[in-house]
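Input: a single structure, listed below in structure tokens.
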Amino acid sequence: MTRFAATFAKPRPALVAFITGGDGDTAANLDALVSGGADVIELGMPFTDPMADGPAIQAANLRSLAKGTTTADLFAIAAAFRQRHSDTPLVLMGYANPMTIRGPEWFADECAKAGVDGVICVDIPSEEDAELGPALRAAGVDPIRLATPTTDAARLPDVLNGAGGFLYYVSVAGITGLQQAAQASIEGAVARLKAATDLPVAVGFGVRTPEQAAQIAKVADGVVVGSAFIDIIAEHGDAAAPHVEAFTRTLADAIHSAKEIAA
Amino acid sequence: MTDLPNSLRTQPDERGHFGQFGGRYVAETLMPLILDLERHYRAAQQDNAFKAEFDDLLKNYVGRPSPLWFAQRLTEHLGGAKIYLKREDLNHTGAHKINNCIGQILLAKRMGKTKIIAETGAGQHGVATATVAALFGLPCTIFMGAVDVARQQPNVFRMKLLGAEVVAVESGAKTLKDAMNEALRHWVANVHDTFYIIGTVAGPHPYPELVRDFQSVIGDEARAQILEAEGRLPDMLIAPVGGGSNAIGLFHPFLDDESVEIVGVEAAGEGLDGKHAASLAGGRPGILHGNKTYLLQDEDGQITEAHSISAGLDYPGIGPEHSWLHEIGRVRYEPVTDAEALASFQKLTKLEGIIPALESAHAIAAAERIAPTLGKDKIIIVNCSGRGDKDIFTVADALGVSL
Ligand SMILES: Cc1ncc(COP(=O)(O)O)c(C=O)c1O
């Protein structure tokens, strides 16, 4: 069984936690996420031009790059994480140019070697899948696709074709970290997506509090939280890990028990 | 024999690719909108009323056709090929940018969009967008890097007079590429009512195609004008290339005329060893702002900052069709430095009484280099893409003159 399958087979929703690689003490923060109860880790690959990100994650990208973080550093962080944590699924999330610059095969092989389970590439929609998807699938790495409020029924099959790991529902038409979607719209969207795919559905964008996360976890298989972690790292710098762990625990508790309360 | 297609004018393919370049590398949120834009553009292309309205605005509002001026004194001074200038500087708002803005705002209207956004570097595209937004009574927001806002105050004020809101972008390097990032971010969050007027032949498909089509009026006119003046096609075309919209507008109608040599001019800034904006000469293929094209970047694919004395050429990428024309060898791209452009800016002003935009001065500089090597029976058309009034502060500064 893949790490994704094992994680989503658990009888409780998953906390999917995003942080930007190379921003703060990444190894310590990753350990804090796991010990706090995060089920899936998304590690952001910094990029000079993060077009889909709001101010918090933009700033994290620039902080990381200003420290000189390279793609090799990112894979070293990922490989070391995999040595310490054999079961937690690890996803690399980022933009097309750093992922494809040395060729998709190179990137896919590095992912496989580092123990990366999935890749989210923000600016490669299903139409351009040939750019990265075949190489990832050949290397046994899941391309994780995004569905959004603008993804209509006609497009959805294309979005799902070739997708793996889980489906990431971006609940607002917008950038990371700003608005939050209405619960009713999330419930409707998740129901539509789950009718169309067997992949687990994780919901993200704009989720900042345990209360919001718990609401979403009542209907989704996973809840993605990113900017709220980035804010903690921005505030506490290299000493963020204990704060990250404490916040992770409040989110994980809320998410993991959401369906029990509902039941 | 290279394996060239029968016509070079049928690109892109149905997925928006010019050879390996172009495409639609955008977030899923934007994808349905871009497909919708393409559908509406295809319908507009079939609609005579759309074409008639576009032509009418170009004639009566923009002031087209722009003249093709025989630059006799420059020609005599250089002692070689005859040089003609395509006078895009005489258009309303002072550059070719308005041609595209007219086309796109008509599309916006057709699609029922009620708000306009655009990115701008020097402010020329911002002014042209604010102008058409005023003409059509639509609210308009212009994204401009904070660094550019500081160095292009006259254009910022012009945009405000025209009723636009100017957002100073503080992210990243605070210049044109960051303005484009911010415009894309705003668009993602407002796709339901907002039309994004992209200012050059870049961005996701269908933008590179539709901007080219709207700008092709430059080459269509130039072709008819040179046939009338000289009874034959030119031997060479020269145009400056930032994103590449004025250049492709001039080039595209001539791409299948094998006798016409075509030269695009990239901004070499301080020289190709130093800071520059020559994506083809100094970059590699990559993916940014929705398309695959040559980009200035490091070995990890991080985008590096461009530099040119001309703010309109100061972009780390180039339109995908130019990347393709470069790779198949149909267009030759040559670098021109800040210093060369500055010299040509002054030379054209003194010899012809025409103050060119610094962007256009790059093309003049290439013509100065090439014309003396050609016989007097040869003909070159240079795109004078804009007028230089906007640049007098930059030029004064570079010449050590305080105004
Ligand atoms: C007068 C003029 N020429 C050329 C350019 C470069 O743009 P493009 O390469 O799209 O024509 C600009 C851009 O601002 C401009 O203002």
Side-chain angles (χ1 to χ4, degrees), chain A residues 45-55 58-59 61-62 64-65 68-74 94-102 107 120-128 130-132 145-152 154-156 158-159 168-170 172-176 178-179 205, chain B residues 14-17 20 22-36 38 169-174 177-192 194 203-205 284-293 295-305 316-317:
Chain A
M45 290 181 67
F47 183 42
T48 41
D49 295 80
M51 270 121 34
D53 285 301
Q58 284 174 42
N61 277 269
L62 292 184
S64 175
L65 291 172
T69 307
T70 63
T71 300
D73 295 335
L74 252 287
Y95 291 83
N97 204 45
M99 290 185 181
T100 58
I101 190 69
R102 294 180 176 88
F107 183 75
I120 301 174
C121 184
V122 174
D123 51 348
I124 298 189
S126 52
E127 278 79 358
E128 303 289 355
E131 207 61 52
L132 191 59
R145 290 274 171 70
L146 307 173
T148 72
T150 59
T151 307
D152 53 34
R155 272 186 68 66
L156 189 55
D158 292 335
V159 169
Y168 186 153
Y169 179 62
V170 172
V172 289
I175 53 178
T176 53
L178 298 180
Q179 328 93 299
F205 272 49
Chain B
E14 69 285 354
R15 291 166 54 235
H17 290 120
Q20 64 154 319
R24 291 176 286 216
Y25 298 90
V26 294
E28 171 62 22
T29 314
L30 287 180
M31 203 56 218
L33 192 85
I34 280 165
L35 294 171
D36 196 38
E38 189 184 351
V169 176
E170 297 285 351
S171 63
K174 307 176 191 185
K177 80 177 171 71
D178 309 286
M180 190 144 181
N181 290 334
E182 207 57 33
L184 285 165
R185 289 181 188 117
H186 181 93
W187 198 31
V188 162
N190 296 278
V191 286
H192 54 287
T194 298
H205 178 65
R284 289 187 292 152
I287 296 167
L288 181 70
H289 293 154
N291 66 93
K292 184 190 277 191
T293 193
L295 300 171
L296 298 180
Q297 54 183 318
D298 71 12
E299 67 282 358
D300 269 352
Q302 305 296 349
I303 307 304
T304 50
E305 276 299 299

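Residue numbers begin at 1 in each chain, while the letters A, B, ... track the order of the sequences.
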- prompt: In Å and rounded to the nearest 0.5 Å, what is the CG to CG distance from A/Asp49 to B/Asn181?
  reply: 4.5 Å
- prompt: So what's closer than 4.5 Å to chain B heavy atoms on A/Thr100: side chain, backbone, both or neither?
  reply: side chain
query: Is it true that B/Lys292 and A/Glu131 have a side-chain N and a carboxylate O under 4.0 angstrom from each other?
result: yes
message: Using a 3.5 Å distance criterion without hydrogens, assess whether the side chain of B/Gln302 forms a donor-acceptor pair with backbone atoms of A/Thr48.
response: yes
- prompt: If you count heavy-atom pairs under 4.5 Å between each of A/Ile124, A/Val170, A/Asp152, A/Thr151 and chain B, which one has the most?
  reply: A/Thr151
task: Under 4.5 Å heavy-atom distance to chain A, tell me which part of B/Gln297 shows up: side chain, backbone, both or neither.
output: side chain
message: Which one wins on heavy-atom pair count under 4.5 Å against chain A: B/His289, B/Glu182, B/His186?
response: B/His289
field: Test item: B/Glu28 side-chain N/O and A/Ala147 main-chain N/O as donor-acceptor pair under 3.5 Å
entry: no
task: Taking the side chain as every heavy atom from C-beta outward, state whether A/Val122 and B/Tyr25 have any pair of such atoms under 4.5 Å apart.
output: no
- line: Counting heavy-atom pairs under 4.5 angstrom with chain A, the leader among B/Val191, B/Leu288, B/Asp298 is B/Leu288
task: State, with a plain yes or no, whether a side-chain heavy atom of B/Arg284 is found less than 4.5 Å away from one of A/Ile101.
output: yes
- prompt: Can you tell me if A/Thr150 uses its side chain to pair, donor with acceptor, with the backbone of B/Thr29 under 3.5 Å?
  reply: yes
task: Decide side-chain contact (heavy atoms from CB on, under 4.5 Å) for B/Ile287 and A/Tyr95; before the verdict, give the C-alpha distance in whole Å, the side-chain angles of both, and the deciding distance to 0.1 Å.
output: CA-CA 9 Å; B/Ile287 296 167; A/Tyr95 291 83; over 6 Å; no
- prompt: Just wondering, do A/Asn97 and B/Leu295 contact through their side chains at under 4.5 Å, heavy atoms?
  reply: yes
- line: Correct closest heavy-atom pair for A/Glu127 and B/Leu35 would be OE2-CD1, 4.0 Å
query: B/His17: what forms a ring-ring contact (aromatic ring centres under 6.0 Å, His included) with it, not counting sequence neighbours?
result: none
message: Under a 4.5 Å cutoff for heavy-atom pairs, which residue among B/Gly290, B/Ala173, B/Pro32 has the most contacts with chain A?
response: B/Pro32
- request: Determine the option with the most heavy-atom pairs under 4.5 angstrom with chain B, choosing from A/Met99, A/Arg102, A/Arg145, A/Met51.
  value: A/Met51
- request: Check each atom of A/Asn61 against the heavy atoms of chain B and say whether the ones under 4.5 Å are side chain, backbone, both or neither.
  value: neither
query: Which region of B/Pro285, side chain (C-beta onward) or backbone (N, CA, C, O), has a non-hydrogen atom less than 4.5 Å from a non-hydrogen atom of chain A, or is it both or neither?
result: backbone
query: Sub-3.5 Å donor-acceptor pair from the side chain of B/Asp300 to the main-chain atoms of A/Thr71, do we have one?
result: yes
query: How would you list, by chain and number, every residue that makes a ring-ring contact (aromatic ring centres under 6.0 Å, His included) with A/Phe205, sequence neighbours excluded?
result: none
message: Taking the side chain as everything from C-beta on, heavy atoms only, tell me whether B/Arg185 gets closer than 4.5 Å to A/Pro50.
response: yes
